[in-house]
Amino acid sequence: MKLYNTKTRSKEDFIPLQEGQLKLYACGPTVYNYFHIGNARAFIIFDVVRRYFEYLGYEVSYVQNITDIDDKIIEQAISEHRDFHEIADKYATAFLEDCAMLGIKPPTHQPRATHVMPQIIALIDTLVQKGHAYEVDGDVYFDTASLPEYGSLSGKQIEDQMTGARVAENTQKKHPADFTLWKKSKPGEPVWQSPWGEGRPGWHTECVVMSQHYLGESFDIHGGGIDLVFPHHENENAQAMALTGKPLARYWMHNGFLNIEGEKMSKSLKNFFTARDILEEYDAEVIRFFFLSKHYRSPIDFTRELIEESGKALQNFYKALSSVDFLSLKRTEITLSEILDVEKGFRDAMDDDFNSAKAIALLFDLAHRIRDARQEQTHREEAALMLVKLGKVLGFFQNLQSRLQDNMHDLSKQLIDLILGYRKEARANKDWALSDRLRDDLLALGIVINDSPGGSTWELRN
RNA sequence: GGCGACAUAGCCAAGUGGUAAGGCAGAGGUCUGCAAAAUCUCCAUCCCCGGUUCAAAUCCGGGUGUCGCCUCCA
């Protein structure tokens, strides 16, 4: 298993801290709004990381935070004229709903920042006592100069980067790179009591507290979007280094950005889509296919044409599974070496820094085998079993049964409507013998015809 | 100013030294009363220039182009 580590900018062999166990942390949302389609990409990618490790037999602890106190939430609360708690709850609930819609398996733990406030304050206090943080008039800052390793994750040299960068003047800080750990409250803002007076936590600290609480002071993989490398993850790691002398995580994984029609998604360009918007229009599984058909570290361009293309491509799997009547398969064993080789190829692809695009190509290979009329029946069934097995590792086929049954259901309805069409024609020709025969035959199948002046309808007899 | 990513067929996209996966679209064959479906086959030498090598999409150097980060951001 190799994965690309942002910290070293290279692919490395993955070696877990404890054999057979994966401690994974991926940054969740700040719940000030519905999350957008770019967030969805990250959530789906780390869902697949988690599923793949589980498939490999790892015992996975997957923690994802819900940051429910932050400037943006306060701003949103003001604009909606509501309490910040209500806003945070509203969007946290929406977040969970949307993730479920996307077929994302719930993380092992999903802690909220406001539930760990004593620990956040304790962490900041420790940093102050260790000389890595300082207070100025109710605000507490992390002292980046106190940590020689600061910048090592993102590859930034503090002195260089600040020239020309748009960094707001803050005369309170000792150094422009110093970041806020604790923020003195302004009137009307939510407050917690602290050794530095009433205030609230800055960004970055809650992730350190929550990840270490569930995963230990240093864990295996920390993930998030590429934009989080700096400053968020750099600052998280700095706190951990200052606290324990050890990095927060051994491997840092970051997914690439999502653009819309070739442009950066932004509210001002009016190309900002929430996952909720997209899910109204497209199937979650199609969205997942779209994301996984490209490597997670590459930028991805979101267009309707490409989503629709993904839908067509995905349809191949269902056609194949329908052709073997997958739901009626009794066998579960896969013994054919050719099919097992495909599984090996799938693992090789996924072991290579989660090459899901290559893995999907192997799923098509299976679909192709299933649909190839020249194959022996047994081979087709084994290929179908493997297709579902591997597809599920990527999070596909979660509603396989209803999906395949719905197809059948729709077909039945269409067939009945078709027969009713013939009967209508027969009745128009006063061919009562045929008309009655059609009605009786349908009735024998439990389908009741109701004739009315406006036409005929049908229902199933209970 | 600093840092980084990317550039593969009409489109999307894998591929880090040995002669270009897969998907969408397209073309042709089989099948077929016609059509559709199904199925089979076909469709690129990898942005440009130079270098290393028996051999490069793949390594090195130089261009060109696109995008991103350094400010809240997945």
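Chain identifiers are assigned alphabetically (A, B, ...) following the order of the sequence lines, protein sequences preceding nucleic acid strands; residue numbering begins at 1 within each chain.
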**Presence of A/His368 side-chain N/O under 4.0 Å of B/C40 phosphate oxygens OP1/OP2** = yes
**Asked** Checking only heavy atoms, does the side chain of A/Lys72 share a donor-acceptor pair with the base of B/C72 at less than 3.5 Å?
**Response** yes
**Request:** Could you tell me the separation between the CD atom of A/Gln110 and the CD1 atom of A/Ile66, rounded to the nearest 0.5 Å?
**Result:** 4.5 Å
**Request:** Classify the side-chain pair A/His254/A/His233 by whether it contains a donor and acceptor separated by less than 3.5 Å.
**Result:** yes
**Asked** Is any side-chain nitrogen or oxygen of A/Arg9 closer than 4.0 Å to OP1 or OP2 of B/G4?
**Response** no
**Item:** B/A38 phosphate, OP1 or OP2, under 4.0 Å from A/Arg371 side-chain N/O
**Value:** yes
**Sidechain N-carboxylate O distance under 4.0 Å for A/Lys2, A/Asp353** = no
**Prompt:** So does A/Asn355 get a side-chain nitrogen or oxygen closer than 4.0 Å to the phosphate oxygens (OP1/OP2) of B/G15?
**Reply:** yes
**Asked** Think A/Asn316 has a side-chain N or O under 4.0 angstrom from the OP1 or OP2 of B/C24?
**Response** yes
**Complete:** From the list A/Glu234, A/His232, A/Lys7, side chain to side chain donor-acceptor pair (under 3.5 Å) with A/Ser154 holds only for A/Glu234
**Message:** When you measure only distances, ignoring hydrogens and angles, does the side chain of A/His36 come within 3.5 Å of the base of B/A74 through a donor and an acceptor?
**Reply:** yes
**Message:** Need to verify one output field. Residue with the more 5' nearest nucleotide on RNA chain B, A/Leu362 or A/Lys294?
**Reply:** A/Lys294
